[in-house]
Participant: 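Let me give you the structure first, and then I'll get to my questions.
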Amino acid sequence: MFKRDPEDGTLSQDVTPPPPSVTETERDELRRQGILLTTLQELYTWGNSHSVWPLNFGLACCAIEMIAASMAKFDIARFGSEVFRPSPRQADLLIVSGTVTKKMAPQVIRLWNQMPEPKYCIAMGACAISGGPFKQGYNVLKGIDRFIPVDIYIPGCPPRPEALLHGLVQLQKKIQGFKLTGPDAPRHFRDDQPCNCPVPEFGEHDLEPPANPAVWTAPPAIVRKD
Amino acid sequence: MESPEQIRDRLLVQFPGAEISVVTNPGIAAQHSLLLGAAHARAIAEFLRDDPTLRLDQCSNVTGIDWPEKEIVETTNISTPDPANPAGPPTVVEQKTKRLQPGFLEVVYHLYSITHRHGPVIFRLRTGNRTDQATVPSLTPVWCSCEFQEREVFDLFGVTFVGHPDLRRILMWDEFKDHPMRRDYVEPDDYEWEPTPHGAVLEKTKAHYPTPPTPAAVAPVKGAAP
Amino acid sequence: MSVPDFSALNAERATPGARVREVHDSFHGDLLEVSMGPHHPSTHGVFRMIVTLDGETIVKLKPVFGYLHRNHEKLGETVTYLGSMPYTDRLDYLSSMTNNWAYALAVEKLAGQAVPERAEYVRVILAELTRLLNHTCLVGFLMQDCGCSGTPLMYAFREREYILDLFESLSGSRMMCNYQRFGGCRVDPSADWLAGAQKLTDRYGTFLDEFETLLTGNEIIMARTQGVGKLSPELAINAGVTGPMLRATGVNYDLRKVDAYGVYPRFDFRVPLGDHGDVYDRYMIRVLEMRESIKILQQALAGLPAGPIMDPKAKLRSFRPKAGEAYGRIEGPKGEIGFYLLSDGSPNPYRYRIRPPSFINLTVLEDMCLGHTVADAVIILGSVDIVLGEVDR
């Protein structure tokens with residue numbers, strides 16, 4: 001979807017419609033003359049995708065690997081995401097790094113609601129995706145996507161720091177594909193879609209409601225062929 | 001260190017009339033334990049802590065165990081002589097009697113001595129039943145290490161500790177009504193399809209899918225490249 | 001040693017307000033209740049404490065648990081004995097090898113399973129590597145809490161990667177090793193692996209020297225940690241505090257010496273003891289324990305015998321121990337980690353209970369924090385060395 005120019009390293013997007021009035025070769029030629037032609041959309045998403053600030057928020061085992069990813073060996077700073085913000089008001093990215101218990105779920109959703117748009121969510125690890133090894137536990141939420149929309153899922157128990165970096169790069173690609181206007185524009189550019197998710201209440205036996213129907217539907221029954 | 005029998009004999013001298021018996025452990029570990037009655041439990045605990053030869057100053061571990069009521073079927077053979085042939089073999093009639101063994105909750109304490117470096121001395125307290133008499137005396141005033149552990153047993157098993165300074169739920173939220181570590185706890189039904197269920201999950205799968213779904217192509221993952 | 005008056009100790013503990021040492025008069029005011037956590041950058045995960053402040057001074061502190069309650073004990077009743085082994089990795093996810101060992105030890109007690117000598121040595125090597133890993137990370141996190149933002153944690157995680165590389169090449173997983181089995185270990189370490197462990201052991205002392213040059217004599221750290229969060233030995237014993245926290249108060253109690261499990265009696269090592277029971281002592285105990293761990297590692301690597309790594313008679317599939325119960329414990333990096341197993345003769349345990357050291361060590365959190373400020377409470381919590389996977393289970 002994206003390719004990087006081998007000479008000067010700029011990113012270019014091969015979106016087919018609408019047909020560009022200036023071709024790629026013409027743009028390259030102009031760039032050699034010192035004239036940069038770009039679209040506002042490209043510029044915006046380029047800047048947005050390379051300064052994704054995660055929330056300094058660890059849940060369980062995966063949080064240790066998240067810290068490891070920000071340390072010397074893996075160095076998440078190479079991708080512009082080393083600024084772990086302690087406050088949700090300053091963060092763009094919620095990395096749900098670990099098991100979300102039912103007791104913790106309302107807090108996670110409240111943090112998500114406190115983050116300003118544009119905001120993204122990475123479900124890191126098997127527990128955040130589906131409950132993982134603890135899926136059958138009475139206090140374990142079967143995936144954070146039951147309550148908030150998730151952009152990137154990173155499988156693993158726990159995923160290696162490299163996997164987190166890969167997930168981050170995938171998120172950057174996703175952001176670079178965003179349209180600023182029109183019906184394909186993401187949630188935060190549109191008036192008709194809510195940014196916040198309702199926070200469930202503690203019930204007598206379970207969370208009430210146990211899932212947010214606006215973002216989650218039960219998965220279909222998939223039977224493996226073997 | 002003294003054997004549980006010796007400790008029992010010494011305790012019976014110290015506390016005449018106290019209910020103390022030795023519960024033998026049939027396993028290979030042979031960690032036998034003492035079963036204490038509720039009336040003298042607190043005094044006995046203080047004695048065990050301060051007695052110069054035992055000095056069990058550390059209460060390491062507090063565990064709850066649920067023993068639900070179970071139906072015991074006893075088979076007795078009643079042999080009656082054959083009236084036609086008294087010398088011959090008697091007719092044997094099997095008679096089955098059903099007996100309901102009442103359920104109870106049990107709290108097990110593991111004690112060690114840091115001063116004398118010995119242990120464990122294990123003792124158990126039992127509740128009257130699992131519903132309205134689920135109380136045992138709290139030993140938090142004797143060893144404050146019991147404080148959180150007894151709260152945990154209260155939360156997960158529903159044993160009320162009389163004399164505990166701060167008996168609240170500790171792991172589940174305050175509005176929660178059930179005691180999830182009991183054997184008959186029914187967890188909220190938030191079943192989600194799993195491709196390879198087994199064990200208890202298979203039972204849930206059968207309840208939700210009385211006729212098993214036919215093998216189908218694995219649905220494409222949302223958002224993946226076609 | 002005379003008998004301490006535990007009853008008076010507990011009576012004082014139960015009296016609210018009796019334990020606050022001093023409140024600065026100039027800051028005297030209305031009581032303010034602050035909820036720290038479950039999302040707080042310094043609570044080491046999803047721990048929450050409700051702190052009541054008089055001015056700046058803490059007069060009450062109530063920890064709130066359960067935000068990572070993952071139902072280990074209930075799940076342990078639904079899976080087989082071997083099936084619980086991967087779950088133990090996820091209890092204290094910084095030291096999975098010692099969790100494995102504690103669980104394997106409890107099951108071996110329950111089933112009367114013998115362990116070959118080579119496996120015992122390998123277990124000691126892995127447990128001491130885990131101790132190095134855990135204590136290094138803890139010191140990094142503690143210094144992060146003190147305000148040394150970045151550098152010590154960066155150094156700690158650099159060393160952690162070297163140890164995790166060893167774990168990964170042995171067990172296949174960085175953090176969740178799932179390596180020990182009832183009656184031995186899963187795979188035999190190769191000569192290359194042992195050479196790598198030897199290299200790391202030889203080098204680790206140099207790293208500790210570097211670490212200590214940075215931290216131990218540092219004036220700011222001393223001013224920040226000395227005399228903060230004092231714990232008396234009587235209260236520590238009565239509250240079931242174990243591990244480096246207990247030894248920092250001066251109580252000589254190390255399960256490696258007391259229970260003499262495994263092959264620990266064969267090694268020559270000392271038990272470092274503290275004097276004041278404050279945060280600085282807890283830091284020093286960890287550094288000194290790491291030095292002792294290096295000594296144990298050198299001896300264990302030199303004396304590693306040849307032989308099988310698994311007891312050939314050990315049963316893994318259709319493993320049904322006789323009915324009965326057993327409690328097994330070892331000295332984990334955080335304290336006494338124990339497993340209580342109750343078998344009814346079926347493939348699953350009837351009761352599977354974890355004795356979590358950091359959960360029980362938190363009993364004295366309020367006692368240590370009273371009279372201090374919120375900034376001190378953060379480092380006191382850091383010095384307890386909690387991992388929420390184990391606290392809440």
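To find a chain, count down the sequence lines: A is the first, B the second, and so on, and within it residues start at 1. This one's a predicted model, so the numbers in the text were calculated from it and none came from an experiment.
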Participant: For His208(B), does the NE2 atom have more than 12 heavy-atom neighbours from other residues, nucleotides or ligands under 6.0 Å away?
Facilitator: yes
Participant: Determine the minimum heavy-atom distance between Lys102(A) and Asp190(B), stating which atoms define it.
Facilitator: NZ-OD2, 3.4 Å
Participant: Indicate the atoms forming the closest heavy-atom contact of Gly137(A) with Glu187(B), along with that distance.
Facilitator: C-OE1, 4.4 Å
Participant: If contact means a heavy atom pair closer than 4.5 Å, which residues of residues 147-176 of chain B contact chain A?
Facilitator: Leu156(B), Ile170(B), Leu171(B), Met172(B), Trp173(B), Glu175(B), Phe176(B)
Participant: Less than 4.5 Å to any heavy atom of chain B: does that hold for the side chain of Lys135(A), its backbone, both, or neither?
Facilitator: side chain
Participant: Counting only heavy atoms from other residues, nucleotides and ligands, does the tally under 6.0 Å from CD of Glu2(B) exceed 12?
Facilitator: yes
Participant: Do other residues, nucleotides or ligands put more than 12 heavy atoms under 6.0 Å from Glu19(B) CD?
Facilitator: no
Participant: Which atoms of Tyr209(B) are under 4.5 Å from chain A, going by heavy atoms: the side chain, the backbone, both sets, or neither?
Facilitator: side chain
